[in-house]
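Notes follow once the structure below has been shown.
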Amino acid sequence: MIQPAIPSNESARLAALEEYKIMDSLPEMAYDAITRLASQICGTPISMISLIDRTRHWVKSKKGIEATEIPRELSFCAHAILEPEIPLIVPDMREDERFHDHPFTLGQPGVIFYAGIPLVNPDGYPLGSLCLIDEKPKQLSEDQLQALKDLSYQVVMLLELRRKHFQAERARAEAEEARQAKARFLSTMSHEIRNALSPIIGSVGLLAMEEDSLTPSQRELIELLEFSSQTLHTLLDEVLDYGKLEAGKVYLEEIPVDLRSLTEKVIQIHQPLASKKQLQLVKQVDTTLPEKVLGDPTRLTQILSNLLTNAIKFTQQGSVSLSVGLLETTPERYRLRFEVQDTGIGIPEESLKQIFEEYSQASLDTTRKFKGTGLGLAIVHLLLSLHQSQIFVESQQGQGSRFYFDIAFPKTV
Ligand code: ADP
C-alpha cells in the first residue's frame, strides 16, 4: 500500500477548508440526498461525501457504511485530491499498486471498486471527494461519470452556500461590533461634554442674575449663551437617552398613573411656548377614561412631550391638540389611543418613513430653520416599541400632521 502524498499547496488548502466550518458538522438532508443519488445512478452499495483535513478523512454524508472518519493515511479520497482535475477511478483495487494490499481491500469492508470525484472549490482547492465503493470490480459509463461530476459540483455549491452564510454572519457581527463601538464612543463623548457644560450653564445663570450691572449688549450676549448652552445640553441628553434605549438598557416602570393629570401637566409644560407663537393648545380627554392605569409616567410624558414639542415647533399658526381616548376595555387592560395633531407645515410624503430614523429630518433646511437633532421621533419609536406599540403619522404638506399611537395599559388592582 502506498500512503497518500500531501498536496504541495496543503496549508492553503487546509485554510480554505477551514472557511466552510464543515468538519464535524451535523448530517444534512441536502448532502444525504446527493450521496443516495450517486449510489443509485452508479449502482454501488456504498457512497460518501468526504473531506480531508490535516489528519482525517471525515465523512459528511454516507450510504451503506458506518464509519464517520478514518485516519488520512488510510483514505482513498486523500489520493483522489492529489489530482483535482481528474476523477480517481480504480476498477479493481487488487490490480492497483497503491491499494492492492490496503487493509480495507484485504479485509472489511472489502473495497474492490473505488471512484472519487474531487470536490474542488472555486479557488481550485480540492477539499475532499464524492466517492463510490463496491465490493466487486466495476466500470462506470460515460453518463454515470458525467452524473457524478454534476453531483460533485452540487456538493461544492452547497459548501459555497455554507461559506457565504458564515461570511455574511461574520460581516454582520463585525458591523454590529463597529456599531456598538460607535455608540459607546458617542455616549462617552456626550457624557464628557455634558459634564463640562454643566458648570458653564451654572456660571451663565449666575451672570444673568446680575441684571443691574449688565449693559443691554452684555445681556443679549448672555441670553444667547444661555440659549445655546441649554440647546447643547438637551441635545446631549437626547443622544445619551437614545444610546441607552438602543442598547436595550431602558426598562419601563409599572406604577399607577393618573392620565388626566399627566396630560394636564404635559399641556402646562408646553403652554408657554404655544402662547409665545400664539397657537391654541387644546387638550381632549375622553370622559370614559379610567381613573388610573399601570404605566411608566416618565416615559409616557417623554413620548407626548416629544410629539408636542415638534407639533409646536413646526406650526406657525392655528392649533396643536393632544387627545386621549379609550379604544377598548378587556378584563386585564385598557387600550388607549393618544393623538397629537397640528395645523403646521406638514411632512412630505417621501419623508414620512424616514423621520423615525435616528438623526433624520424631513428636509435639508429643517436644521437651519427649526434646529433639532432628528432624535426626538427615533426616541418615540423606541419607547413605543418598549410598550409593544408603534407610532403612526398622517400628514399633508401645508395642512398639518397627526401622530397617533395605541397603548394597552394593565388595570390597577
Ligand atoms: P427634530 O425635531 O429634532 O428635528 P425629530 O426626530 O423629532 O427631530 O423629527 C424628525 C423630523 O420630522 C423633523 O426634523 C421634521 O422634519 C419632521 N417632523 C416631526 N414632527 C413634525 C410635525 N409635527 N410637523 C412637521 N414635521 C415634523
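In each ligand, atom 1 is the first atom listed, and ligand 1 is the first ligand listed.
- Proximity of Glu349 to Ser395: side-chain heavy atoms (C-beta onward) are nowhere separated by under 4.5 Å.
- Between the side chains of Glu176 and Gln180, at least one donor N or O lies within less than 3.5 Å of an accepting N or O.
- Considering both main-chain and side-chain atoms, Ile347 never comes within under 3.5 Å of ligand 1 through any nitrogen or oxygen pair.
- Ligand 1 lies out of reach of Gly344, whose nearest heavy atom is not under 4.0 Å from it.
- Checked against Glu177 for a salt bridge (Lys or Arg N to Asp or Glu O under 4.0 Å), the options Arg170, Arg184, Lys182, Arg172 give a single hit: Arg184.
- At a heavy-atom distance under 4.0 Å, only backbone atoms of Leu375 (N, CA, C or O) approach ligand 1.
- The proximity of Phe403 to ligand 1, defined as any non-hydrogen pair under 4.0 Å, is limited to the side chain.
- In terms of N/O distances under 3.5 Å, ligand 1 is approached by Gly376.
- Atoms of ligand 1 lying under 4.0 Å from at least one heavy atom of Ala311, given by number and element, are 23 (N).
- Using bins of under 30°, 30° to 60° and over 60° for the plane-to-plane angle, the ring pair Phe76/Phe99 lands in the perpendicular bin.
- For ligand 1, the atoms sitting less than 4.0 Å from at least one non-hydrogen atom of Lys313 are 1 (P), 2 (O), 3 (O), numbered in the order shown with element in parentheses.
- With no hydrogens or angles considered, a side-chain donor-acceptor pair links Tyr20 and Asn121 at under 3.5 Å.
- Selection from Asn306, Ile312, Asn310 by nearest heavy atom to atom 20 (N) of ligand 1 gives Asn310.
- Nearest to atom 23 (N) of ligand 1 by heavy-atom distance, out of Val380, Leu352, Asp342, is Asp342.
- At a threshold of 4.5 Å between non-hydrogen side-chain atoms, the residues Ile407 and Leu300 count as touching.
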task = Begin with the C-alpha distance, continue with both residues' side-chain angles, and end with the deciding distance and a verdict on salt bridge (charged side-chain N to carboxylate O under 4.0 Å, His left out) for Asp53 and Arg56.
result = CA-CA 5 Å; Asp53 74 4; Arg56 295 177 301 160; 3.1 Å; yes

